[in-house]
**Student:** 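Sending over a structure as structure tokens; questions will come in a sec.
Atoms within a ligand are numbered from 1 in the order they appear, just like the ligands themselves.
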Amino acid sequence: MKDPIRFNSKIGLIAATVGSAVGLGNVWRFPAEVQANGGAAFLLIYLGCVIMLGIPVMLAEFSLGRAGRTDAVGVFQKLSPGKKWWLIGLLGIIASFTILSFYMVVSGWTLEYLVESLTGNLYRPDSGSGEVNFGEKMVGYVQSDSRPLLYTYIMIVLNVGILLGGVRKGIERISNWLMPTLFVLLIVFCCVSLSMPDAGAGLKYFFKPDFTKIDAGVIVSALGQAFFSLSLGLGVLITYASYFPKETRLVRTGVTVAVLDLFVAILMGIIIFPVVTSFGITDGESLRGGTLVFVTMPEVFSHMSGTQLWSTLFFLSITVAALTSTLSLGQVSIAFLQDRFKMSRGKAVALVLLPLIPLSTACSLSQGSWNSFKLAGYNLFDLLDNVATNYMLPIGAILLCIYAGWVFPKKTLTRELTNDGELKGTIAPAIRWCIKYAAPPLIFIILISKML
Ligand code: PHE
């Protein structure tokens with residue numbers, strides 16, 4: 001029999017898992033949400049969501065994955081044979097594939113902006129006026145059909161190349177390189193940003209607490225953001241945890257991943273807001289996620305010396321963050337095909353990533369020439385984003401907690417959380433309590449309020 005797959009090292013395991021968590025969610029959703037929803041007040045609520053719900057759900061996934069040691073469907077079949085619980089895993093796989101189809105398109109945009117920064121094209125005016133209008137550039141680019149498709153395909157090919165290498169030689173090895181690079185880049189950026197003339201005002205703008213903004217809707221957004229950002233509810237972390245060695249301390253790993261994910265998200269805000277406010281751009285429209293990254297930041301870079309360098313490094317960081325997240329989204333389905341159907345890795349990679357070509361093409365075109373085809377008022381891109389992020393992800397997370405809290409034997413959960421009783425203390429019962437009693441109703445509230 002082949003050796004079971006395990007991550008090679010502790011660092012590699014953390015790099016791969018943080019790689020999944022840190023992604024576009026940290027870059028273009030988090031800073032904009034914090035600023036719009038009450039600054040430090042939102043941050044406090046977000047922190048509460050991560051501690052009370054995010055980390056417990058993550059640990060539920062870790063425990064299931066390591067106890068079952070197989071893909072997201074197989075885990076449930078192995079732990080509860082003959083029951084239908086495996087449908088939770090299947091829902092997760094469908095949701096992760098759905099997210100992958102539009103996430104790949106946005107990753108393609110980041111790569112395009114990286115290349116355009118490197119060549120300097122992004123900063124060349126399109127017409128003879130001499131001024132570059134970054135808003136028009138972005139619209140022109142997204143609606144041009146062919147170019148976003150080209151870059152989406154390049155991202156798919158990159159994913160195929162890395163995923164063919166497998167868990168250790170592909171995902172783990174590349175994460176070992178990319179994640180430290182990302183952290184170094186972000187720290188450099190942070191220093192640049194904090195040395196801006198008006199940095200203090202930018203930080204104030206980002207963090208200034210405004211408790212009057214906090215209402216039920218804001219709490220729901222914080223919770224949704226926490227789940228998306230930590231890659232929860234889709235079986236991604238079940239799959240990754242099936243590669244954790246038995247010595248891995250789950251609680252410590254979960255806390256490390258959550259802290260690093262939060263650190264990058266906050267760092268992104270510290271990077272973006274001082275530079276943005278230093279150039280006096282503070283209207284609401286310029287600060288929305290996609291606009292912030294693809295329009296406002298290039299605008300800011302164009303006023304800085306070393307425009308091309310900063311722009312290239314910025315888009316390099318985002319592309320890296322996006323790439324390691326797409327790898328994890330792909331791996332869920334690949335592990336499923338390999339483990340359930342005994343497929344070779346090559347076949348499984350092809351079967352997961354080839355269908356993405358038509359799907360991502362449709363998503364990309366739905367922002368361009370197919371924009372008039374709408375379902376329930378959404379184009380395909382927004383529809384998939386909405387359905388997967390707002391519905392499939394919380395439903396998956398609730399079912400997962402119900403399973404881990406009420407069906408999965410308490411003894412096994414405790415054994416996983418404490419490494420066979422090696423780790424003592426009250427943390428395991430507290431986490432179990434959150435998984436069993438707090439998480440299902442609270443996540444249910446998010447789900448319902450999104451439907452209203
Ligand atoms: N966590 C990633 C981000 O913040 C997205 C993601 C969601 C990745 C779900 C895997 C699973 O961008």
Side-chain angles (χ1 to χ4, degrees), residues 14-34 46 49-50 54-55 57-58 61-62 65 71-72 89 91-110 155 159 163 171 175 178-179 182 186 221-241 254 257-269 289-290 292-293 317-336 352 356 384-397 400 443:
I14 298 274
T17 316
V18 173
S20 168
V22 170
L24 296 167
N26 303 57
V27 182
W28 83 356
R29 273 182 66 180
F30 187 82
E33 282 210 21
V34 174
Y46 183 79
C49 293
V50 169
I55 295 180
V57 176
M58 183 186 287
E61 290 205 34
F62 281 176
D71 64 287
L91 174 77
I93 288 174
I94 297 171
S96 62
F97 191 76
T98 312
I99 293 182
L100 194 54
S101 59
F102 67 82
Y103 203 96
M104 201 60 100
V105 175
V106 187
S107 314
W109 297 351
T110 61
M155 282 309 275
N159 269 275
L163 287 168
I171 299 175
S175 305
L178 293 183
M179 293 324 283
L182 175 67
L186 292 182
S221 314
L223 202 43
Q225 169 67 17
F227 274 68
F228 187 81
S229 190
L230 292 172
S231 308
L232 301 177
L234 307 175
V236 165
L237 298 182
I238 293 185
T239 309
Y240 271 23
V257 172
V259 167
L260 290 176
D261 184 65
L262 183 69
F263 177 67
V264 172
I266 294 180
L267 218 54
M268 231 41 228
L292 189 59
V293 173
S317 332
I318 306 186
T319 311
V320 164
L323 177 65
T324 46
S325 294
T326 53
L327 292 176
S328 73
L329 286 163
Q331 177 62 22
V332 189
S333 307
I334 293 170
F336 166 64
V352 172
L356 268 188
L384 295 186
D385 182 3
N386 190 22
V387 170
T389 317
N390 295 339
Y391 300 99
M392 292 167 108
L393 197 145
I395 292 175
L400 237 146
I443 307 169

**Student:** Using only atom types and a distance under 3.5 Å, with no angle test, would you say the side chain of Thr389 pairs donor to acceptor with the backbone of Asn386?
**Tutor:** no
**Student:** How close do Val236 and Glu61 get, counting heavy atoms only, and between which atoms?
**Tutor:** N-OE1, 4.0 Å
**Student:** Relative to atom 10 (C) of ligand 1, which among Gly330, Ser231, Gly235 owns the nearest non-hydrogen atom?
**Tutor:** Ser231
**Student:** If you measure from CD on Gln225 to OH on Tyr46, what distance do you get to the nearest 0.5 Å?
**Tutor:** 5.0 Å
**Student:** Just wondering, do Leu100 and Thr326 contact through their side chains at under 4.5 Å, heavy atoms?
**Tutor:** yes
**Student:** Which residue and atom name correspond to the protein heavy atom nearest atom 4 (O) of ligand 1, and how close is it?
**Tutor:** Ala21 O, 3.0 Å
**Student:** Would you check whether Asn26 reaches within less than 4.0 Å of ligand 1, judged by its heavy atoms?
**Tutor:** yes
**Student:** Is the closest N or O pair between Leu230 and ligand 1 shorter than 3.5 Å?
**Tutor:** no
**Student:** Test your reading of the model: is there a side-chain donor-acceptor pair from Asn159 to the backbone of Met155, 3.5 Å cut-off?
**Tutor:** yes
**Student:** Just by distance, do the side chain of Asn26 and the backbone of Asp261 share a donor-acceptor pair under 3.5 Å?
**Tutor:** yes
**Student:** With heavy atoms of Ser20 as the reference, note each atom of ligand 1 found under 4.0 Å away.
**Tutor:** 1 (N), 2 (C), 8 (C), 10 (C)
**Student:** Show the atoms of ligand 1 that are less than 4.0 angstrom away from any heavy atom in Val236.
**Tutor:** 11 (C)
**Student:** What atoms in ligand 1 come closer than 4.0 Å to a heavy atom of Ser328?
**Tutor:** 10 (C)
**Student:** Looking only at N/O atoms, are Gly25 and ligand 1 under 3.5 Å apart anywhere?
**Tutor:** yes
**Student:** Give me the nearest non-hydrogen protein atom to atom 7 (C) of ligand 1 as residue plus atom name, then the distance to 0.1 Å.
**Tutor:** Phe228 O, 3.5 Å
**Student:** Starting from atom 12 (O) of ligand 1, which protein heavy atom do you reach first, and at what distance in Å?
**Tutor:** Tyr103 OH, 2.5 Å
**Student:** Using atom types as modelled and distance alone, determine if a side-chain donor or acceptor of Ser231 lies under 3.5 Å from a backbone N or O of Ser20.
**Tutor:** yes
**Student:** With a cut-off of 4.0 Å, which atoms of ligand 1 are near a heavy atom of Ser229?
**Tutor:** 1 (N), 4 (O)
**Student:** Report the nearest protein non-hydrogen atom to atom 9 (C) of ligand 1: residue, atom name, distance rounded to 0.1 Å.
**Tutor:** Leu234 CD1, 3.3 Å
**Student:** Hey, what do you get for CG (Leu24) to CG (Leu323), rounding to the nearest 0.5 Å?
**Tutor:** 10.5 Å
